[in-house]
2 protein chains.
Amino acid sequence: MSQATERLRRYLDDELGECRTEDVDRRLDELGTLEAAFGTGRGEAELDVLSALANETRYTLVRVLVAAGEELCVCELNAVVDVTESGLSHALSGLVDAGLVEGRKDGRWKMYRATNRAITLVTVLEGSVSVDG
Amino acid sequence: MSQATERLRRYLDDELGECRTEDVDRRLDELGTLEAAFGTGRGEAELDVLSALANETRYTLVRVLVAAGEELCVCELNAVVDVTESGLSHALSGLVDAGLVEGRKDGRWKMYRATNRAITLVTVLEGSVSVDG
DNA sequence: GTATTAATTGAATATCTACTCAACGAACGT
DNA sequence: ACGTTCGTTGAGTAGATATTCAATTAATAC
């Protein structure tokens, strides 16, 4: 049994009382389940989305596209972020990969718009962070 | 006028037709407003929250605490993530700063639980990313 | 055809970040 | 008081990431 699990057993002994070994075993089992369900490696898709959003340039782009409510061209987006054209392209590429924006080519311009996922997340974030924090 | 804005004006000329200079100016104004509202520096609070969540260790901790629905002690959390005790402590500290978990000392144990903000965000993330993606 | 413009791609780099190690502080038992 | 255990803190480091520059593709104009 690992170091961590020994400490855990001490805590559970402390918490539940020494006489109820069955309860201790049951809670250890429950944690095993938690580990299986939530431990390293799970929830990767959400993590990709979070990583894409957790950057000033990319988050600004998503917020602008959500607020605009329509597709904007790269040249318009270039006006609201402070990176080179290349940096902007890299940023948009990351957002596409995360399913947060979609691109469409229109002649020699390229248009981007926010996906439903982006709309949902930005809305909730602005609400949850500004309101209850 | 900057490089980017020149390109933008060309796009708007193209989009709206050359004869309607007023419309072009109006859209440029609108984008100026967008830039003021969303440009660099705004939405920092949300970005802090996103940065806190966008890490495997921290996101796992938040998901476990949300799923548990009750406070868990550090020793229990240690069982579900794959970092040292010190790494775990750093992770929890970041989550507290972002308003995603709250800590309470109980004798020599320390208990952590998810805040409402964390519950909201995890719920929406799991829904939005698994369902419409 | 050539020139111009929009946008993307890849490589290089500078910065940031997550982790570990070592040392420390705080609570409890004896 | 002393030893033990829980947890945190700070420094150092290896690895990740965001950005820029240079080169390239694709579309339009002449």
Side-chain angles (χ1 to χ4, degrees), chain A residues 2-15 18 40 47-48 50-62 71-79 81-98 101-112, chain B residues 2-15 18 40 47-48 50-62 71-79 81-98 101-112:
Chain A
S2 75
Q3 282 270 78
T5 312
E6 286 175 33
R7 176 172 55 155
L8 182 51
R9 185 170 284 276
R10 278 194 297 270
Y11 165 73
L12 292 173
D13 281 344
D14 194 43
E15 177 81 357
E18 299 169 5
T40 298
L47 212 44
D48 288 342
L50 286 168
S51 302
L53 279 179
N55 167 263
E56 181 167 337
T57 299
R58 290 190 300 264
Y59 186 55
T60 300
L61 290 170
V62 171
E71 57 187 12
L72 298 178
C73 99
V74 173
C75 58
E76 288 178 293
L77 294 170
N78 210 351
V81 291
D82 192 28
V83 290
T84 63
E85 206 176 319
S86 170
L88 174 57
S89 198
H90 283 297
L92 286 167
S93 166
L95 291 172
V96 169
D97 289 346
V101 308
E102 284 169 356
R104 176 181 73 86
K105 194 144 192 200
D106 180 28
R108 66 172 150 174
W109 312 92
K110 185 137 181 199
M111 315 296 297
Y112 283 93
Chain B
S2 75
Q3 281 271 76
T5 312
E6 286 174 34
R7 175 171 57 154
L8 182 50
R9 182 171 286 278
R10 279 194 296 270
Y11 165 74
L12 291 172
D13 281 344
D14 194 43
E15 177 81 358
E18 300 168 6
T40 299
L47 212 44
D48 288 343
L50 286 168
S51 302
L53 278 180
N55 168 261
E56 180 165 338
T57 300
R58 290 190 300 263
Y59 187 55
T60 300
L61 290 171
V62 171
E71 58 186 13
L72 297 178
C73 101
V74 173
C75 58
E76 287 177 294
L77 294 171
N78 210 350
V81 290
D82 191 27
V83 291
T84 62
E85 205 176 321
S86 170
L88 173 57
S89 198
H90 283 296
L92 287 167
S93 166
L95 290 172
V96 169
D97 290 346
V101 309
E102 284 170 355
R104 176 180 72 87
K105 194 144 193 201
D106 181 29
R108 68 172 149 174
W109 312 92
K110 185 136 180 201
M111 316 296 296
Y112 283 94

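Quick note on labels: first sequence line is chain A, next is B, and so on, each numbered from 1.
For the atom pair SG of A/Cys73 and OH of B/Tyr11, the computed distance is 5.0 Å after rounding to the nearest 0.5 Å. Of the inter-residue distances, the one linking A/Asn55 atom CG with A/Leu61 atom CG reads 9.0 Å to the nearest 0.5 angstrom.
Nearer the 5' end of DNA chain D, as judged by each residue's closest nucleotide, is the contact made by B/Ser93, out of A/Gly107 and B/Ser93.
Rounded to an integer number of Å, the gap from B/Asn78 CG to D/dT5 P is 15 Å. Atom CG of B/Leu77 is separated from atom C1' of D/dG7 by 12 Å (rounded to the nearest Å). At whole-Å resolution of the value, CG in A/Asp97 and C1' in C/dT9 are 13 Å apart.
A donor-acceptor pair under 3.5 Å is absent between the side-chain atoms of B/Ser93 and the main chain of B/Ser89, judged by distance alone. In terms of modelled atom types and a separation under 3.5 Å, the side chain of A/Arg58 and the main chain of A/Ala52 share a donor-acceptor contact.
Remark: B/Arg104 pairs with B/Glu71, B/Asp106, B/Met111 by the side-chain contact (heavy atoms from CB on, under 4.5 Å) rule, at least two apart or across chains.
At least one side-chain heavy atom of A/Arg10 sits under 4.5 Å from a side-chain heavy atom of A/Arg7. You'll find the side chain of B/Asn78 stays beyond 4.5 Å of the side chain of A/Leu8, heavy atoms only.
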Give each protein N/O atom lying under 3.5 Å from an N/O atom of nucleotides 5-8 of chain C, with the pair distance.
residue	atom	partner	partner atom	Å
C/dT5	O4'	A/Arg108	NH1	3.4
C/dA6	OP1	B/Arg10	NE	3.2
C/dA6	OP1	B/Arg10	NH2	3.3
C/dA6	OP2	B/Arg10	NH2	3.2
C/dA6	O3'	A/Arg108	O	3.2
C/dA7	OP1	A/Lys110	N	3.0
C/dA7	OP2	A/Cys75	N	3.4
C/dA7	OP2	B/Arg7	NH1	2.6
C/dA7	N7	A/Glu85	OE2	3.0
C/dT8	OP1	A/Tyr112	OH	2.4
C/dT8	OP2	A/Ser89	OG	2.7
C/dT8	O5'	A/Ser89	OG	3.0

Pairs under 3.5 angstrom, nitrogen or oxygen only, protein versus nucleotides 14-18 of chain D, please.
residue	atom	partner	partner atom	Å
D/dA18	OP1	A/Arg58	NH2	2.8
D/dA18	OP2	A/Arg58	NH1	3.3
D/dA18	O5'	A/Asn55	ND2	3.4

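For the residue pair B/Leu92 and B/Tyr112, the shortest heavy atom distance occurs at CD1-CE1, 3.5 Å.
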